[in-house]
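Below you'll find the structure, written out as structure tokens, and then a few comments.
In what follows, chains are A, B, ... by sequence order, proteins preceding strands, each numbered from 1. Model, not experiment: these values are computed from the prediction.
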Number of protein chains: 4
Amino acid sequence: MSRLFLGYSVPMPADPARRSQESWRAILDAAYALFVENGYQSVTMGGIAARAGVGRQTLYRWWPSKGAVVFEAFLDKVSIGPFPADGDFAAILRAYAHGFLTLYVDGAGGSRLRELIGAAQTDPDLARAMAEQWFEPRRAPVRQALREAQQAGAVRADVDADTALDLVFAPLHYRLLVSGQPLDAAYADAVVDLCLHALR
Amino acid sequence: MSRLFLGYSVPMPADPARRSQESWRAILDAAYALFVENGYQSVTMGGIAARAGVGRQTLYRWWPSKGAVVFEAFLDKVSIGPFPADGDFAAILRAYAHGFLTLYVDGAGGSRLRELIGAAQTDPDLARAMAEQWFEPRRAPVRQALREAQQAGAVRADVDADTALDLVFAPLHYRLLVSGQPLDAAYADAVVDLCLHALR
Amino acid sequence: MSRLFLGYSVPMPADPARRSQESWRAILDAAYALFVENGYQSVTMGGIAARAGVGRQTLYRWWPSKGAVVFEAFLDKVSIGPFPADGDFAAILRAYAHGFLTLYVDGAGGSRLRELIGAAQTDPDLARAMAEQWFEPRRAPVRQALREAQQAGAVRADVDADTALDLVFAPLHYRLLVSGQPLDAAYADAVVDLCLHALR
Amino acid sequence: MSRLFLGYSVPMPADPARRSQESWRAILDAAYALFVENGYQSVTMGGIAARAGVGRQTLYRWWPSKGAVVFEAFLDKVSIGPFPADGDFAAILRAYAHGFLTLYVDGAGGSRLRELIGAAQTDPDLARAMAEQWFEPRRAPVRQALREAQQAGAVRADVDADTALDLVFAPLHYRLLVSGQPLDAAYADAVVDLCLHALR
DNA sequence: GCTTAATCGAGACGGTACGTCCGGTCTTACC
DNA sequence: GGTAAGACCGGACGTACCGTCTCGATTAAGC
């Protein structure tokens, strides 16, 4: 038997109700602190356990890998938004674009997200967990707003919603992960404008 | 003293003219083979050296890290294009989009590129090298074609060229690296169409 | 408060009358089976508990250590003798020598005794328990017979009884534990003969 | 291919000539110090490596187990004798008996030997190594002296030499390892006297 | 019969040692 | 001086047990 953890399928580790809340808290705190301070690479299972004052086995009992712990710690600490979810579609789009931008550029943990995405390239479970737990929840309201705008006739109805969403989310992450070119407010605005133009 | 290697700054390791061509060849072949067969994570410096029949020190003498060797091996083996560089801008854009798509989806080494990009998230030297040696050379001709199209009046002149390029390159990499949604020809076409619409 | 267990002094664990007879039986059976099958080293408290279908705490409640459980299981299962306790002293000596020999060479649990003696070298409690519960009960009748033989004038009276006993018991255990030389019936006979010669 | 180490058969670890003399010295010193200070049980491979300022892998490269390291360290540090090897057989016997006695009772490392013998009960390689490298070299001169005494007619010629030797060596080790009764000079003398009586 | 307390199976917990793997440096002998 | 070979120190890995602890469920006495 097995259970799902953030999309991970791991051997059933008995009853989650029996796990120690103190240890769980201490582990997430320690993992996040080490992640933010020194970066993903230098986080180690042993280091997290030591900082949390916890046995190493306790980590392995509840998480299958370093990526899983760090990502759960990330989810536990980092939030984005909330943003206006109704009203002008253009404003919604702009709010989200600037929200991501701020997170990636300013935020302590946010600016480390790219390292997590990097780790996910060789860890399919982490990749799935991140897609489901982090990205999709942030795309969903925008997708909803887009559909409403399409029904209202403010946006072309012949475009697949996810493809349209990618038009604005993708460039931000492309600069974050790939191109190395500047990622700033002016760029976010330009992308949003082009996107709106494409969708009109 | 130091020299530049693919953007890496490494301590000057004596006279490059004296390096063994056989070893160099064997190392790149071994590194690429291991990379394609088992993935980036499981490539090790020792493994490359053993497979190449080479001393471990020889790797460290000429490359600063695993990422550097593997990326040079990748550059050595994987190519994309050439694509038509003049004529209809839309056709050029489409050719490039499909070129990347094919590489990432079909190609042996190409489908491993995402792992290299992943590694680059915690290795700034590798990130710079990849941006300069891999991505920029593939963007340059498209940027040139875009500018000519702008001068010809076929494309809006009030858009920054790199931002415009991102509109088509970014979504492909976003789906590759982040979203987990399908990356196929229909998507590439849709993205190109939207992009052209935005730029008209 | 504390109680004595086979020479161990352990914290008093409440009322022994309340202990579960089923668990006690199952534990001794499991411990002995694991000991005989895989040897002392590979016996673990957790392994015993699992095989006995018993909680780990139940072991720790009634026994202070692995050595204590295994030795009690050993005592519970392994016996030697009885041997003729009166009559010719030489015959008694020979009977005991061959009894030990058979146990060590043939017996399932007996041939594992050397491992228990080994463990006792770093566990004073186990050493004491073994001396009192295993070795002394087997020496006592021989000592008694020796003293009677001394009084009857069949054996020199100027020799300390324990020293004399050692002359025959020691070589058997020396070959078992130390020298690695063959331990067989011919050797046992030779030792007994020499011993009798020394004591005449 | 493999090589012999103190009777151990281990996978061939390349050229012993290349091993670091400094590390080798530091390891034996550290192992012996920890052994004498805290006892065999509490010696760990990691502890030896740390105290020696050596990588853990270096231990595993050259020794197959804790027992092997500690025993080599023991051999390196602990000596016994030399004793007079010719002249009166009784005197030789007495010298050896007192030599062992002194080692086991007084000596720092010597009094730990029983723990090594204990470990050997579950480690056949260690048992063999100890028999060949420690015990046999100490028995050999006495065996030689015994044979000369037999030829000179001072000792019965109808007794197997090793059996006769056991008569005096065994009781000392029996009290050390098994019986828990006092091991002192008076006992050693009594044993030697009885032994000489048996052999006359 | 009811309550109360100790024992039971189960298993999570903080630790410690294991033996392996790899990173990056160094040494040696050959070319 | 570059090279193949490989020993070296360091340190992270994931596993196995240790001995303690907490949890309900069960059981057995004493009221």
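Rounded to an integer number of Å, the gap from CZ of A/R19 to P of E/dA12 is 11 Å. One can place CZ of C/R56 at 8 Å from C1' of F/dC18, the figure rounded to the nearest angstrom. Summarising the geometry, the separation between CH2 on C/W63 and P on F/dG19 is reported as 15 Å, rounded to the nearest angstrom. The CD1-C1' distance, from C/I48 to F/dC17, rounds to 12 Å in whole Å. Here F/dC13 presents its P atom at 14 Å from CG of A/D123, a figure rounded to the nearest Å. Straight-line distance from the CG atom of B/L59 to the P atom of E/dT25: 13 Å, rounded to whole Å. In this structure, C/W24 atom CH2 and E/dA6 atom P are separated by 24 Å, rounded to whole Å. Atom C1' of nucleotide E/dC8 and atom CH2 of C/W62 are separated by 11 Å, given to the nearest angstrom.
Heavy-atom nearest nucleotides on DNA chain E were determined for A/R18 and for B/S42, and the one closer to the 5' end corresponds to A/R18. Along DNA chain F, the nucleotide nearest to A/V43 and the one nearest to D/G53 differ in position, and the one closer to the 5' end is contacted by D/G53. For the pair D/T44 and D/Q57, both in contact range of DNA chain E, the more 5′-proximal nearest nucleotide belongs to D/T44.
Residue C/G47 is classed as having no contact, given no heavy-atom separation below 4.0 Å to the nucleic acid.
Two residues are said to be in side-chain contact when any heavy atoms from C-beta on lie closer than 4.5 Å; A/L34 and A/R51 meet this criterion. Residues C/V43 and C/N38 form no side-chain contact, since every pair of their non-hydrogen atoms from C-beta on lies 4.5 Å or further apart.
For E/dG14, the OP1/OP2 oxygens have a side-chain nitrogen or oxygen of A/T58 closer than 4.0 Å. Using a 4.0 Å cut-off, some side-chain N or O of C/S23 falls inside it from OP1 or OP2 of E/dG9. A sub-4.0 Å separation between OP1 or OP2 of E/dC8 and a side-chain N or O of C/R61 is present.
In the model, C/E115 has no side-chain atom that pairs as donor or acceptor with a side-chain atom of D/T122 under 3.5 Å.
For A/R19 and A/W63, the positive end sits near the middle of the six-membered ring, less than 6.0 Å away and at most 45° from its axis. Cation-pi geometry between A/K66 and A/F35 is not satisfied (NZ or CZ under 6.0 Å from the ring centre, within 45° of the ring normal).
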